Amino acid sequence: MFLSVFDLFKIGIGPSSSHTMGPMTAARRFLDEILAGDWPRPAGVKVDRIGASLHGSLAYTGIGHGSDRAVILGLAGQTPQTVDPDEADGIVERIGAEKRISPPGHPAYRFDPAKDLVLDRKTPLTGHANGMAFYAYDASDRLLLKRIYYSIGGGFVVSEEELQRMKSKGSVTTEGKKVPYPFKNAVEMLAMAAKSRLSIAEMKRANEEKHMSREELDAGLDAIWSAMKGCIDRGLSQDGIMPGGLKVRRRARQLHDKLQEQWQQNRPNPLLANDWLSIYAMAVNEENAAGGRVVTAPTNGAAGTLPAVLRYWLHFHPEADQPSIRDFLLTAAAVGGIIKSNASISGAEVGCQGEVGSASAMAAAGLCAVMGGTPEQVENAAEIALEHHLGMTCDPVGGLVQVPCIERNALGAVKAVTAASLAIKGDGTHFVPLDAAIETMRQTGLDMNEKYKETSLGGLAVNVVEC
C-alpha cells in the first residue's frame, strides 16, 4: 500500500483542502475532460456554457470555506499549487462582472456565477459528503456533458468511477505502484522495520525512491518545509480582522511579539515551549483562514499542527538539521498514509478527529523519530496523539475555518509533543495499538451524527451563534 509523501503534503491555498483545493482541482479536471472530447456529442456542436453545483458539506459550508470562489478560480484555469492568493479576488470579481470564463487553451464559455453556480443543500450525492457536479451546455442550453466528482480530503478528488474502485480495491493512489515496503497498517510497518532493521523514515524513503531519484525526493521535501516555514513567517507578520464576517482578529503576531520580549528579558516561563508551539500553529491557520498559501498536513484545516511541531524541533533542539527535517516529514507521511488508507482524514467523513487528530498523530510520530525513537516508540507516539482526539467533532462556526479550528491546531501540536515525549521515555510497548485507534476513529466517524461533520449544523457552530 503506497501513498506518496507528496500525496499527503500538497502546497495550495486556504482555507480548506476539501472545500477549496478539492473543488478547484475538480473544476480544472472538468475543463480537461471537455478539451479531451472523449464523450459523445452531436457533430459540430460545441460547448457554450458551463455550470456547477455543490452538494452535502460543500453546500452547507461552501461560502464560509470559499468553495464557490474555488470553483470559479478552477474554471478560470487556476490550480491550488500555482494560483496567486493576492490576485484571486480580482479574478473572481472580473468573471462575475463579465459572466464569462476564458481558461487557457479553451474558447470563452458563458458562466454567470450568480446563476450557474448552485449550492444545493437539498440533493446530497450518495458517494461522499463532499460531492459536486459540473455541466457543459451548447448554445441552446442543451446538456452535453455532466461529471460528478468527490473531494475526499487532503485535496484529493475522485470521479464516481474512481470512488467505487477505491471502495472495492483500496485507495486509487496505490494502483500500479510497486514499492519495497508496502505496509498497509502499523502492524506490517513494524514487522517490516524489524525484519529490515530500517527506520520508518528509511523505509518510506526507499518506497519514494522507487519512483523518483533521491535528489528529486529531497528537493520536494525541502520545498514542502520551505512552504510551511514561509506560511508560519507570513502568519507571524500579519494582523487585522480575518475575512468571513465573524470579525475574528488575528492574534499570532501580537502573541509572538510578547514572547519575543519575554525571551529577550530572560524571564522564566514554564510554559514557554507550549506558547511557541501554539503561536506557530495559530500563525499557519490564521494564514489559511485568510486564503493564504499553506501545505495540507494532511488537510488545510489541520495545516498548523505539524509545521508547529517541526518548527519547535528546530527552535528547541540544537541537534536539529536539514536531514532530520526530511526524516520528520517522511515518518509523518508514513503514519498519515496508514490513517488515510484505513480510516479518513476528511472532517466531512469522520469529524475533526480525522483532521487535527491525524495531524497530531503524524507530528508526534515525526518528532519521536527525529528524537531518536525506535519504530515501536514512533508507533506509540502516533497512537497516543490520535487516541486523545477520538470523537472530536467538526463544527466550524459560520462554516469558516476559524473557530474552533485555529486554537484546535495549537492544542493538537501540544498533544503531539507530549505524546512523543511520553513514548520516547518508554520502550515502545503499550496497551492500545495504533491500528486499533485508527479503526476506532473510523467506526466513531460512521456513528457520528452528520451535523457534527463539517456541516455547521451542530456543536459550537450553532451554540456560539445562539449565545
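On a predicted model such as this, the values are computed, not experimentally measured, just so you know.
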Peer 1: Ignoring hydrogens, what is the shortest heavy-atom contact between Ser67 and Leu54? Give both atom names and the distance.
Peer 2: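 Minimum heavy-atom contact is CB-CD1, 3.7 Å.
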Peer 1: Going by ring-ring contact (aromatic ring centres under 6.0 Å, His included), name the residues that satisfy it together with His256, two or more places apart in sequence or in a different chain.
Peer 2: Trp276
Peer 1: Taking only Lys NZ, Arg NE, NH1 and NH2, and the carboxylate oxygens of Asp or Glu, determine whether Arg165 and Glu161 approach each other closer than 4.0 Å.
Peer 2: no
Peer 1: Using a strict threshold of under 4.0 Å (side-chain N to carboxylate O), is an ion pair present between Asp395 and Lys451?
Peer 2: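 Salt bridge: no.
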Peer 1: His430 and Glu376: side-chain donor and acceptor closer than 3.5 Å?
Peer 2: no
Peer 1: Which heavy atom of Ala333 sits nearest a heavy atom of Val5, and at what distance?
Peer 2: CB-CG2, 3.6 Å
Peer 1: Answer yes or no: is there an ion pair linking Glu349 with Lys453, defined by an N-O contact shorter than 4.0 Å?
Peer 2: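 Here Glu349 does not pair with Lys453 in a salt bridge, since their nearest N and O are not under 4.0 Å apart.
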Peer 1: I'd like to check the ring-ring contact (aromatic ring centres under 6.0 Å, His included) partners of Tyr60; sequence neighbours left out, ordered by chain and number.
Peer 2: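 Tyr60 satisfies ring-ring contact (aromatic ring centres under 6.0 Å, His included) with no residue once adjacent residues are dropped.
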Peer 1: Side-chain polar contacts of residues 398-406 - donor-acceptor pairs under 3.5 angstrom, sequence neighbours left out - could you list them?
Peer 2:
{"from": "Gln402", "atom 1": "NE2", "to": "Pro243", "atom 2": "O", "distance (Å)": "2.7"}

Peer 1: Between Asp239 and Arg253, does any NZ, NE, NH1 or NH2 come within less than 4.0 Å of an OD or OE carboxylate oxygen?
Peer 2: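 Salt bridge present between Arg253 and Asp239.
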Peer 1: Quick one: do Arg311 and Asp233 make a salt bridge, cutoff under 4.0 Å?
Peer 2: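 Salt bridge: yes.
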Peer 1: Salt bridge (Lys or Arg N to Asp or Glu O under 4.0 Å): which pairs involve residues 411-433, sequence neighbours left out?
Peer 2: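 Not a single pair qualifies under salt bridge (Lys or Arg N to Asp or Glu O under 4.0 Å).
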Peer 1: Could you pull out all residues at least two apart from Thr440 that satisfy side-chain hydrogen bond (donor to acceptor under 3.5 Å, both in side chains)?
Peer 2: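 With neighbours one apart ignored, the set is empty.
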Peer 1: Would you call His317 and Tyr312 a side-chain contact if the rule is heavy atoms closer than 4.5 Å?
Peer 2: yes
Peer 1: Relative to the ring of Tyr150, is the ring of His128 parallel (under 30°), tilted (30 to 60°) or perpendicular (over 60°)?
Peer 2: tilted
Peer 1: Salt bridge check: are Asp447 and Arg442 linked by an N-O gap of less than 4.0 Å?
Peer 2: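 Salt bridge absent between Asp447 and Arg442.
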Peer 1: In chain order, what residues pass the ring-ring contact (aromatic ring centres under 6.0 Å, His included) check against Trp225, with sequence neighbours excluded?
Peer 2: none
Peer 1: Within the supplied structure, the quantity of interest is the number of heavy atoms (other residues, nucleotides, ligands) at a distance under 6.0 Å from Glu160 CD; does it exceed 12?
Peer 2: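 More than 12 heavy atoms, drawn from other residues, nucleotides or ligands, come within 6.0 Å of this atom.
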Peer 1: Side-chain contact test, heavy atoms from C-beta onward, threshold under 4.5 Å: evaluate it for Leu259 versus Asn269 and give yes or no.
Peer 2: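 They are in contact (side-chain heavy atoms under 4.5 Å apart), so the answer is yes.
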Peer 1: For a quick test of reading the model, state the closest non-hydrogen atom pair linking Asn288 to Val294 and the distance between them.
Peer 2: OD1-CG2, 3.6 Å
Peer 1: Return yes if a side-chain donor-acceptor contact under 3.5 Å exists between Thr418 and Ser421, otherwise no.
Peer 2: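 The answer is no; no qualifying pair exists.
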Peer 1: Looking at side-chain heavy atoms only, is the closest gap between Ser360 and His388 below 4.5 Å?
Peer 2: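 The answer is no, as the side chains (C-beta and beyond) never meet within the 4.5 Å cut-off.
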Peer 1: Could you work out, with side-chain hydrogen bond (donor to acceptor under 3.5 Å, both in side chains) as the rule, every residue matching Glu209, not counting sequence neighbours?
Peer 2: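 side-chain hydrogen bond (donor to acceptor under 3.5 Å, both in side chains) check on Glu209 returns Arg205, Arg214.
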Peer 1: For the residue pair Gly155 and Lys10, what are the closest heavy atoms and their distance?
Peer 2: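 The pair with the smallest heavy-atom distance is C-NZ, 4.2 Å.
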Peer 1: Looking at side-chain heavy atoms only, is the closest gap between Ile279 and Leu236 below 4.5 Å?
Peer 2: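 Yes, at least one pair of side-chain atoms sits under 4.5 Å.
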Peer 1: Taking Thr296 for its side chain and Gly12 for its backbone only, find out whether a donor-acceptor pair lies under 3.5 Å.
Peer 2: no
Peer 1: Which residue pairs pass the salt bridge (Lys or Arg N to Asp or Glu O under 4.0 Å) test when at least one of the two sits in residues 186-199, sequence neighbours left out?
Peer 2: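 Qualifying pairs, neighbours excluded: Lys184-Glu188.
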Peer 1: When rounded to the nearest 0.5 angstrom, what distance separates CZ in Arg250 from CG in Asn285?
Peer 2: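 Rounded to the nearest 0.5 Å, the CZ-CG separation comes to 11.0 Å.
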Peer 1: What I'd like to find out is whether the side chain of Met282 reaches to under 4.5 Å of the side chain of Asn409, using heavy atoms alone.
Peer 2: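 Counting from C-beta outward, Met282 and Asn409 never come under 4.5 Å.
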Peer 1: For the CD1 atom of Ile424 and the CG atom of Asn380, what is their distance to the nearest 0.5 Å?
Peer 2: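 Here the interatomic distance stands at 11.0 Å.
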Peer 1: If every non-hydrogen atom of Thr20 is compared with every non-hydrogen atom of Pro15, which pair is closest and at what distance?
Peer 2: OG1-CD, 3.1 Å
Peer 1: Can you sort out the partners of Ala413 under side chain to side chain contact (heavy atoms under 4.5 Å, CB included), two or more places apart, ordered by chain and number?
Peer 2: Leu277, Thr305, Ala308, Val309
Peer 1: Is a side-chain N or O of Asp321 found less than 3.5 angstrom from the main chain of Ser324, in a donor-acceptor match?
Peer 2: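 Yes, because the side chain of Asp321 sits within donor-acceptor range (under 3.5 Å) of the backbone of Ser324.
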Peer 1: Indicate yes or no: does Glu355 engage Lys340 in a salt bridge with an N to O separation below 4.0 Å.
Peer 2: no
Peer 1: Check side chain to side chain contact (heavy atoms under 4.5 Å, CB included) between Ile63 and all other residues, then give those that pass, not counting sequence neighbours.
Peer 2: Asp68, Leu119
Peer 1: Among residues two or more places apart or on two chains, list those pairs meeting ring pair (Phe, Tyr, Trp, His ring centres under 6.0 Å) that have a residue in residues 4-25.
Peer 2: His19-His65
Peer 1: Salt bridge (charged side-chain N to carboxylate O under 4.0 Å, His left out) with Arg28: which residues, sequence neighbours excluded?
Peer 2: none
Peer 1: Checking side-chain polar atoms at under 3.5 Å, does Asp120 have a donor or acceptor matched by the opposite partner on Thr123?
Peer 2: yes
Peer 1: Show your reasoning for whether salt bridge (Lys or Arg N to Asp or Glu O under 4.0 Å) applies to Arg69 and Asp89.
Peer 2: CA-CA 8 Å; Arg69 177 175 179 265; Asp89 287 340; 3.0 Å; yes
Peer 1: Is there side-chain contact between Asn130 and Ser346, with heavy atoms separated by less than 4.5 Å?
Peer 2: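 With C-beta onward as the side chain, the pair touches.
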Peer 1: Quick one: are Met189 and Ile338 in side-chain contact, heavy atoms under 4.5 Å?
Peer 2: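 A side-chain contact under 4.5 Å exists here.
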Peer 1: Would you indicate whether the side-chain heavy atoms of His315 and Tyr280 approach each other to under 4.5 Å?
Peer 2: yes
Peer 1: If you compare all heavy atoms of Val157 against all heavy atoms of Thr25, which two are closest, and at what distance to 0.1 Å?
Peer 2: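 In this case the closest contact between Val157 and Thr25 is CG2-CB, 4.1 Å.
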Peer 1: Taking atom CD of Glu439 as the centre, does the number of heavy atoms from other residues, nucleotides or ligands within less than 6.0 Å exceed 12?
Peer 2: yes
